[in-house]
Amino acid sequence: MKSQTGLLFALPALIVLFMLIAYPVAYTGLLSVTDAKGNFSGLDNFAAVLKPKVTVQAFINTIYWVFGSIVFQVVLGTLTAILLNQSFFGRGALRAITLIPWVVPGIVAATTWAWMFHTEFGIINYMLTGTGVLQNPIGWLTNKDTVMPVLIAINVWKLFPFVAIMVLAGLQSIPNDLYEAARVDGATFWEEVWYIMLPSVRPVITAVTLLLVIWGLNSITIIYAITRGGPANKTLITPIQIFRSAFESFQFNQAAALSVIFFAVTIVVVFIYIKVLSAQPGEAK
């Protein structure tokens with residue numbers, strides 16, 4: 001009786017969960033194996049979406065985008081957290097300022113940085129040419145060699161404060177006795193960082209990195225708002241390709257097929273990460 005009562009109370013939440021998650025996923029799977037008229041087409045949509053070279057290029061760009069962003073986000077965020085964990089005048093104000101990039105809406109940040117990196121009117125080129133660092137303005141967002149690094153830099157600026165604040169919370173939980181014992185043994189500051197701070201916040205970094213992987217694989221705001229995948233698909237990532245196929249070309253079935261493939265790849269990546277990278281020392285197989 002008690003179990004039925006509990007199920008009754010949980011039923012509204014389960015219905016909402018089904019409507020928001022289970023039904024869209026199931027319907028996407030159905031779209032992926034049918035044609036525009038609703039007839040069963042088997043794997044035709046998968047073959048059609050995997051055939052163009054742009055699909056492979058978008059997948060490679062996605063790996064470049066996610067891996068490049070996460071490495072710098074974690075490193076910069078961890079170093080910032082270590083700095084903010086020290087005692088100095090104005091620490092509270094600096095902690096608050098550090099959060100600004102994270103709380104700024106993504107579309108606002110993307111638009112602002114797009115203007116700053118504008119070839120003719122951007123302040124970045126103005127400062128670099130004005131100080132003599134560059135002789136001529138650079139098309140940061142139109143040059144195929146610079147556009148992706150610039151977008152990665154913007155993404156790092158946007159999300160490193162999240163890493164910093166989470167790692168800082170982990171650092172705050174480290175007992176002072178560990179630092180005092182290390183100092184008695186003659187440990188330097190960097191030895192404290194390497195042997196006390198980093199091992200203590202390893203679970204936090206592991207969890208944060210997993211979140212960054214998931215967010216990075218599904219993030220399109222910065223790229224779509226600034227370059228829309230250009231120039232020449234140099235910044236086209238798989239989520240934007242799915243969006244284009246569905247809402248620009250109206251090829252919903254092929255977009256659904258690509259979504260299923262991308263979902264499967266994401267699940268595999270997350271599974272490998274959980275099993276290997278998040279394992280405690282000596283547990284990884």
Side-chain angles (χ1 to χ4, degrees), residues 4 6-67 69-70 105-107 110-111 147-148 151 155 210-275:
Q4 294 179 353
L7 179 61
L8 184 63
F9 279 106
L11 189 60
L14 294 176
I15 294 175
V16 173
L17 189 65
F18 175 82
M19 294 176 61
L20 295 179
I21 299 179
Y23 175 75
V25 170
Y27 188 64
T28 300
L30 178 63
L31 282 177
S32 67
V33 294
T34 56
D35 58 20
K37 296 180 180 180
N39 300 319
F40 181 75
S41 60
L43 300 178
D44 292 346
N45 292 320
F46 293 90
V49 80
L50 291 175
K51 186 177 180 180
K53 294 182 179 180
V54 68
T55 302
V56 177
Q57 182 180 3
F59 183 72
I60 295 174
N61 290 341
T62 303
I63 296 176
Y64 183 20
W65 161 256
V66 174
F67 181 78
S69 297
I70 289 176
I107 188 65
T111 304
V147 60
M148 184 60 87
L151 293 176
N155 195 36
L210 179 59
L211 287 175
L212 292 176
V213 170
I214 297 173
W215 292 348
L217 289 172
N218 294 279
S219 175
I220 69 171
T221 302
I222 291 177
I223 294 181
Y224 192 79
I226 296 178
T227 66
R228 296 182 179 270
N233 294 328
K234 289 298 181 181
T235 61
L236 179 66
I237 58 176
T238 303
I240 294 181
Q241 184 185 6
I242 295 172
F243 178 84
R244 281 183 175 180
S245 298
F247 301 106
E248 293 182 5
S249 302
F250 301 104
Q251 297 174 340
F252 295 105
N253 301 91
Q254 292 187 14
L258 186 56
S259 298
V260 170
I261 296 172
F262 189 64
F263 176 76
V265 172
T266 302
I267 292 297
V268 171
V269 170
V270 172
F271 178 80
I272 293 175
Y273 179 84
I274 292 176
K275 286 295 183 180

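No side-chain donor-acceptor contact under 3.5 Å links Asp35 to the backbone of Ser41. Listed for the Ser219 side chain is no donor-acceptor partner under 3.5 Å among the backbone atoms of Gly216. With Arg244 contributing its side chain and Arg228 its backbone, the two residues share a donor-acceptor pair below 3.5 Å. Side-chain atoms of Asn39 do not come within 3.5 Å of backbone N or O of Thr34 as any donor-acceptor pair. Without hydrogens or angle criteria, Thr235 side chain to Gly229 main chain gives a donor-acceptor distance under 3.5 Å.
Atom CD1 of residue Ile272 and atom NZ of residue Lys275 lie 12.0 Å apart, to the nearest 0.5 angstrom. Thr62 OG1 to Ile220 CD1: the interatomic distance, rounded to the nearest 0.5 Å, is 11.5 Å. Rounding to the nearest 0.5 Å places CZ of Phe9 at 13.5 Å from CG of Leu14. Taking CG from Leu258 and CD from Gln251, the interatomic distance works out to 11.0 Å, rounded to the nearest 0.5 Å. Here the CG atom belonging to Leu11 is positioned 12.0 Å from the CZ atom belonging to Phe18, to the nearest 0.5 angstrom. We find the CD1-CH2 distance between Ile70 and Trp215 to be 11.0 Å, quoted to the nearest 0.5 Å.
Considering only heavy atoms from C-beta on, Val270 comes within 4.5 Å of Leu210 through its side chain. Proximity of Leu50 to Ile261: side-chain heavy atoms (C-beta onward) are separated by under 4.5 Å at one or more points. At least one side-chain heavy atom of Val147 sits less than 4.5 Å from a side-chain heavy atom of Pro231. Side-chain contact between Phe59 and Ile237: absent, with no pair of heavy atoms (C-beta onward) separated by less than 4.5 Å.
Evaluation of the side-chain contact (heavy atoms from CB on, under 4.5 Å) rule for Val25 yields no partner, not counting sequence neighbours. Ala225 is linked by a side-chain contact (heavy atoms from CB on, under 4.5 Å) to Ile107, Ala110, counting only residues two or more places apart in sequence or in another chain.
Using modelled atom types, one finds no donor on one side chain facing an acceptor on the other under 3.5 Å when comparing Thr28 with Ser259.
Smallest separation of non-hydrogen atoms from Ala232 and Gln57: O-NE2, 3.7 Å. Of all non-hydrogen atoms in Val33 and Asn45, the two that sit nearest each other are N-ND2, 4.2 Å. Between Ala48 and Gln254 the shortest heavy-atom distance is CB-NE2, 3.7 Å. When every heavy atom of Asn61 is checked against every heavy atom of Lys234, the shortest pair comes out as ND2-O, 3.4 Å.
Using bins of under 30°, 30° to 60° and over 60° for the plane-to-plane angle, the ring pair Phe243/Phe247 lands in the tilted bin.
Counting non-hydrogen atoms of other residues, nucleotides and ligands closer than 6.0 Å to OH of Tyr224 gives a total above 12. With a 6.0 Å radius and a threshold of 12 heavy atoms from other residues, nucleotides or ligands, Ile63 has its CD1 atom above the threshold.
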